[in-house]
Amino acid sequence: MLELLFLGTGASVPSRNKATSCIAVRNGSDIILMDCGEGSQRQIMVSPFSFMKIRVILITHLHGDHVFGLPGLLQTMSLSGRKDPITVYGPPGIRDCIDAFMTVTQGETIYPMEVIEVSGGESFAVGEMTVSVYRTEHNIASVGYRIDEKDRPGKMDKDKALSLGIKNGPDLSRLKNGETVNGVKPEQVLGPTIKGSSISYTGDTVKTGSVAEASEGVSVLIHESTYMSSDSELAKEHFHSTALQAAETAKECGASWLILTHVSQRYRNLDAVVAEAKSIFDNTVAAQDMQLFEIKGENISLRRRWQLSDQLQHICICYHADYLAVL
């Protein structure tokens, strides 16, 4: 299972109810952070996730609404006594960006930090997850990321295994892990492999075939949808996508679900944005800050979490899980 937490879903600048781009993915105790806009560390602090458990940070591009929260988060981890290493990935320029941030603010990290520049085509492991990098097309160097959970062995037919002479205990575990034990092969007693969940996140991009190609068969495609099709000329001018184009990509790649994010504040009614996408791809929702999704294969469930602010404090409220219909 992958947990998907939207910490910031706004476009360009923060608003009273939307922070700028930041998404966290958790598998077990490992957290991957994707983009880190202004205020991201504050959002994480009032969420059910811990920034001390972040293993890698994936930056899609170097526009401020995707990176201005990065120096603060890196320094807060030091002030909090972090010892575990962290790796930051991003397009060419990310190393100079972080060096400049940390130099001018006299920031330092007491933990090991590695910064790796990527352009598309790279892949690496984070715990039980695999991250693949793909090209996107924006008005600045940019990449997208796909996260795949490791496939799991199918359900064990314990009675059959015992009838074939397998002893209860370690031998059953070895079979479950793919070993042949006393002549009994795993496929004789295990059901079909359980495919892991997967997420693809575009960052900011125009509609491009590289996104559909890299996102083939994903459980969830998270696609920027800064504009509606009525403003398609603006989308083209600023190298962004419309909700309709995001839906077209979701259909092309065979995603199970489409989640729209980075929607312009000019669209006060998110229902209209979603309706545009649904005209092409029905399994569409628009992300809102502090929403937590649980993804199990093609199934996603949603727990609604959000901040309520008054003059005194921010409060994070969690309601019971609402389950979305699944194909």
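Predicted model only: the values in this text are computed from it and were never measured.
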Residues Y111, L74; criterion side chain to side chain contact (heavy atoms under 4.5 Å, CB included); working and verdict: CA-CA 10 Å; Y111 52 87; L74 295 175; 3.6 Å; yes
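- A salt bridge does not link E3 with K296: none of the charged nitrogens is closer than 4.0 Å to a carboxylate oxygen.
- Exactly one residue among I54, L7, L292 makes a side chain to side chain contact (heavy atoms under 4.5 Å, CB included) with F49. That residue is L292.
- At a threshold of 4.5 Å between side-chain heavy atoms, the hydrophobic network of Ile, Leu, Val, Met, Phe, Trp and Tyr places L4 and L58 in one connected group.
- The shortest side-chain heavy-atom distance between M34 and I59 does not fall under the 4.5 Å cut-off.
- Minimum interatomic distance between A161 and L172 (heavy atoms only, all atoms of both residues): CB-CD2, 3.7 Å.
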Side chain to side chain contact (heavy atoms under 4.5 Å, CB included) between V263 and M228, worked out: CA-CA 9 Å; V263 178; M228 295 183 67; over 6 Å; no
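- Aromatic ring pairs are classed by plane angle as parallel below 30°, tilted from 30° to 60° and perpendicular above 60°; the pair H238 and Y227 is parallel.
- Side-chain contact between V13 and E38 is absent, with no heavy-atom pair separated by less than 4.5 Å.
- The one candidate from H223, H66, H61, H63 that meets the ring-ring contact (aromatic ring centres under 6.0 Å, His included) condition with H262 is H66.
- A salt bridge links R55 to D30: one of the charged nitrogens lies within less than 4.0 Å of a carboxylate oxygen.
- Cluster membership for F239 and I222, using ILVMFWY side-chain heavy atoms within less than 4.5 angstrom, is not shared.
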Derivation of the side chain to side chain contact (heavy atoms under 4.5 Å, CB included) call for I23 and L33: CA-CA 6 Å; I23 303 169; L33 196 69; over 6 Å; no
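- Atom NZ of K251 has 12 or fewer heavy atoms from other residues, nucleotides or ligands within 6.0 Å.
- Open room surrounds CD on E213; 12 or fewer heavy atoms of other groups in view lie less than 6.0 Å from it.
- Counting only N and O atoms by type, the side chains of E224 and S241 include no donor and acceptor under 3.5 Å apart.
- A side-chain donor-acceptor contact under 3.5 Å links S264 and R266.
- A 4.5 Å side-chain heavy-atom check between S15 and K18 finds at least one atom pair inside the cut-off.
- A salt bridge is absent between K167 and D171: the closest approach of a Lys/Arg side-chain nitrogen to an acidic carboxylate oxygen does not fall below 4.0 angstrom.
- Taken together through direct or relayed side-chain contacts under 4.5 Å among Ile, Leu, Val, Met, Phe, Trp and Tyr, I32 and V118 form part of one hydrophobic cluster.
- Follow the hydrophobic side-chain contacts under 4.5 Å out from I199 and you never reach L260; the two are in separate clusters.
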Residue pair V46, M290: steps toward the side chain to side chain contact (heavy atoms under 4.5 Å, CB included) verdict: CA-CA 9 Å; V46 296; M290 309 308 288; 4.0 Å; yes
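- Using a 4.5 Å heavy-atom cutoff, the side chains of Y145 and T202 are not in contact.
- Across all their heavy atoms, N283 and W257 have their closest contact at O-CE3, 3.3 Å.
- Closest of all the heavy-atom pairs between S142 and P91 is N-CB, 4.3 Å.
- No side-chain donor from either of T136 and T205 sits under 3.5 Å from a side-chain acceptor of the other.
- Salt bridge E149/R152: present, at least one basic N to carboxylate O contact under 4.0 Å.
- Annotation: side chain of M113 is not in contact with side chain of I57 (no heavy-atom distance under 4.5 Å).
- By the rule that hydrophobic residues join a cluster once side-chain heavy atoms approach within less than 4.5 Å of another member, L258 and Y267 end up as members of one cluster.
- You'll find the side chain of I147 stays beyond 4.5 Å of the side chain of Y201, heavy atoms only.
- Inspection of the T9 and D289 side chains reveals an N or O donor paired with an N or O acceptor under 3.5 Å.
- Between R146 and D148 a salt bridge is recorded (basic side-chain N to carboxylate O distance below 4.0 Å).
- For D35 and T60, the side-chain atoms include at least one donor-acceptor pair closer than 3.5 Å.
- In terms of heavy atoms, A246 sits closest to L221 at O-CD2, 4.3 Å.
- Aromatic rings of F124 and Y89 (six-membered ring for Trp) have centroids within the 6.0 Å cut-off, being under it.
- Here the side chains of E276 and V273 are not in contact, with every heavy-atom distance at 4.5 Å or above.
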